[in-house]
Amino acid sequence: MKKPFGAVAPLATALLVTALLAAPQAHAAAYTLKDAAAATGRVFGAVVPAGLLGDADYTKALDQEFGQITPENEMKWNVVERVRGKFDFAAADRLVDHAESRGMAVRGSVLAWHSQLPGWVINIGSGAELLTALREHVAGVAGHFRGRVDHWNVVNEAFGDSGARRNSVFQERIGESWVEEAFLAAEAADPTAKLCYNDYYTDGSGPKSDAVYGLVRDFVARGVPIDCVGFQGYFNSDHRVPADMAENLRRFADLGVDVHLTELNVTGSGETQAKAYAVAVSACLAVPRCTVITVGGVTDKYYWNAAKTPLLIDADYGRKPAYFSVLDVLNEAATGRRWARAVVT
């Protein structure tokens, strides 16, 4: 039987309430992910599809636990500009409107990416024309949401796993400068937003992470606008949370940019999953400039990889051990006290 979101098992409630009553009022633990993160000076968000905003259970969980919305697909090129010069922001507007009505932050995603491109973009043969189309697209999307988006994922995944530039249509026809051009266009269109580069499997040191680090270092040195770097945080049995994750995040932060976990998810269940989530979130908490933690979705029920159960809230809206492990490390960082996890059974 489905548990109404917000209900926890009696034992879990008793343990959590006991811990809260035992703490000095000035250092009380928070009950929700967003409040616990806020107490550390961070934002806790989720990737959200607009189509689920009409689902009362989903929206209740979203509004209760999360302080930031990242659109799942609604701002991607093949959705907002299927035909050149004709923009459709209906679905993206719904998400931004919802966020604003609830006092949530918004992470725009994504302005330029090799994937989910409409055919007309792929079929542009001229590098000069493709650069014009890229600039116009970034100006159209970022300009539409000017002043309403806190962070933009300006470019996603410009590097392959080896650390070499990905052989995308932009790389092939525009060349190395296409990433910089996207950031320059984004700054012109929305100068108040923070501009981020975002990628996967860069959480620890390695060729790909080193390549992204080189890009960011170069941008900072030359004054190319970049404010933050996103680490997607996909973890599973083949790609575990790296032991040097905090060290890696810190070296990026030392360049003068913020670092964010942007799609954090850990496949699996139980204590193994809970520990991995705790390690990843703790790595962020160890770096003052790690200011945003975003998980890949609200609930396993609607996640694209639902069979792997990678999120903090299960398909019946129950809080998983991983949820409490994250809540605990956030509360410990905020209060300076260790909290014994209350597991929902």
Has [X] got a side-chain atom pairing as donor or acceptor with [Y]'s backbone, closer than 3.5 angstrom?
X	Y	value
Thr59	Ala56	no
Asn265	Glu263	yes
Glu129	Ala133	no
Asp244	Ser205	yes
Glu74	Ala50	yes
Arg173	Phe170	no
Asn331	Ala30	yes
Ser325	Ala322	yes
Thr272	Gly268	no
Arg94	Ala92	no

Provide the full list of disulfide bond (SG atoms under 2.5 Å apart) pairs with a residue in [range], sequence neighbours left out, each pair given once.
range	answer
residues 235-329	Cys284-Cys290
residues 35-73	none
residues 136-248	Cys196-Cys228
residues 110-144	none

Looking just at side-chain N and O atoms, do [X] and [Y] make a donor-acceptor pair shorter than 3.5 Å?
X	Y	answer
His151	Asp227	no
Asp300	Thr309	no
Asp35	Thr32	yes
Gln116	Asn73	yes
Asn236	Thr267	no

### Query
Can you name the residues that form a side chain to side chain contact (heavy atoms under 4.5 Å, CB included) with Pro207, not counting sequence neighbours?
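None.
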
### Task
Using the test side chain to side chain contact (heavy atoms under 4.5 Å, CB included), find all partners of Arg146 that sit at least two apart in sequence or belong to another chain.
Asp190, Pro191

Just so I know, are the side chains of [X] and [Y] near enough to count as touching, which here means a heavy-atom distance under 4.5 Å?
X	Y	result
Val106	Arg148	no
Arg107	Asp150	no
Arg82	Trp120	no
Arg165	Leu215	yes
Glu332	Arg337	no
Val220	Ile226	yes
Ile293	Val281	yes
Val216	Phe252	yes

### Query
Any ring-ring contact (aromatic ring centres under 6.0 Å, His included) pairs touching residues 192-211, not counting sequence neighbours?
Tyr201-His239

### Task
Dump the intermediate steps for side-chain contact (heavy atoms from CB on, under 4.5 Å) on Phe145 and Asp93, then the final yes or no.
CA-CA 9 Å; Phe145 293 104; Asp93 281 339; 3.3 Å; yes

Do you know the tightest heavy-atom contact between [X] and [Y]?
X	Y	answer
Ala61	Val298	CB-CG1, 3.9 Å
Ala99	Ala105	CB-O, 4.1 Å
Tyr58	Val47	OH-O, 4.0 Å
Ala333	Leu285	CB-CD1, 3.9 Å

How many angstroms lie between atom [atom1] of [X] and atom [atom2] of [Y], to the nearest 0.5 angstrom?
X	Y	atom1	atom2	answer
Glu176	Ile174	CD	CD1	12.0 Å
Phe159	Gln171	CZ	CD	8.5 Å
Asp161	Lys208	CG	NZ	4.5 Å
Asn198	His260	CG	NE2	10.5 Å
Asn153	Leu111	CG	CG	8.5 Å
Glu65	Ile313	CD	CD1	5.5 Å

### Query
When you look at Thr294 and Gln68, which way does the side chain to side chain donor-acceptor pair (under 3.5 Å) test go after all the steps?
CA-CA 8 Å; Thr294 301; Gln68 182 200 60; 2.8 Å; yes

### Query
By salt bridge (Lys or Arg N to Asp or Glu O under 4.0 Å), which residues pair with Glu247, not counting sequence neighbours?
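With sequence neighbours excluded, Glu247 shows a salt bridge (Lys or Arg N to Asp or Glu O under 4.0 Å) to no residue whatsoever.
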
Same apolar cluster (I L V M F W Y, side chains within < 4.5 Å links), [X]/[Y]:
X	Y	result
Val229	Val43	no
Met104	Val292	no
Val149	Leu184	no

### Query
Excluding sequence neighbours, so at least two apart, what forms ring pair (Phe, Tyr, Trp, His ring centres under 6.0 Å) with Phe183?
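Result, ring pair (Phe, Tyr, Trp, His ring centres under 6.0 Å) vs Phe183: Phe219.
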
### Query
Partners of His144 by ring pair (Phe, Tyr, Trp, His ring centres under 6.0 Å), sequence neighbours excluded?
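So His144 forms a ring pair (Phe, Tyr, Trp, His ring centres under 6.0 Å) with Phe89.
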
### Message
For Asp254, is there an ion pair with Arg250 - N to carboxylate O distance below 4.0 angstrom?
### Response
no

### Query
Which is it for Phe44 and Leu264 under the side-chain contact (heavy atoms from CB on, under 4.5 Å) test, yes or no, and what are the steps along the way?
CA-CA 11 Å; Phe44 204 98; Leu264 179 61; 6.0 Å; no

### Query
Which is it for Tyr234 and Asp203 under the side-chain contact (heavy atoms from CB on, under 4.5 Å) test, yes or no, and what are the steps along the way?
CA-CA 9 Å; Tyr234 285 94; Asp203 315 283; over 6 Å; no

### Hydrophobic cluster partners of Trp113 (side-chain heavy atoms under 4.5 Å)
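Answer for Trp113: Val110.
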
#### Entry: Results of side-chain hydrogen bond (donor to acceptor under 3.5 Å, both in side chains) for Ser209 - residues two or more places apart only
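If we apply the side-chain hydrogen bond (donor to acceptor under 3.5 Å, both in side chains) test to Ser209, skipping adjacent residues, the hits are Asn248, Arg251.
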
### Task
Could you give me the CA-CA distance, side-chain angles and deciding distance for Leu131 and Glu181, then say whether side-chain contact (heavy atoms from CB on, under 4.5 Å) is met?
CA-CA 8 Å; Leu131 177 56; Glu181 290 286 353; 3.7 Å; yes

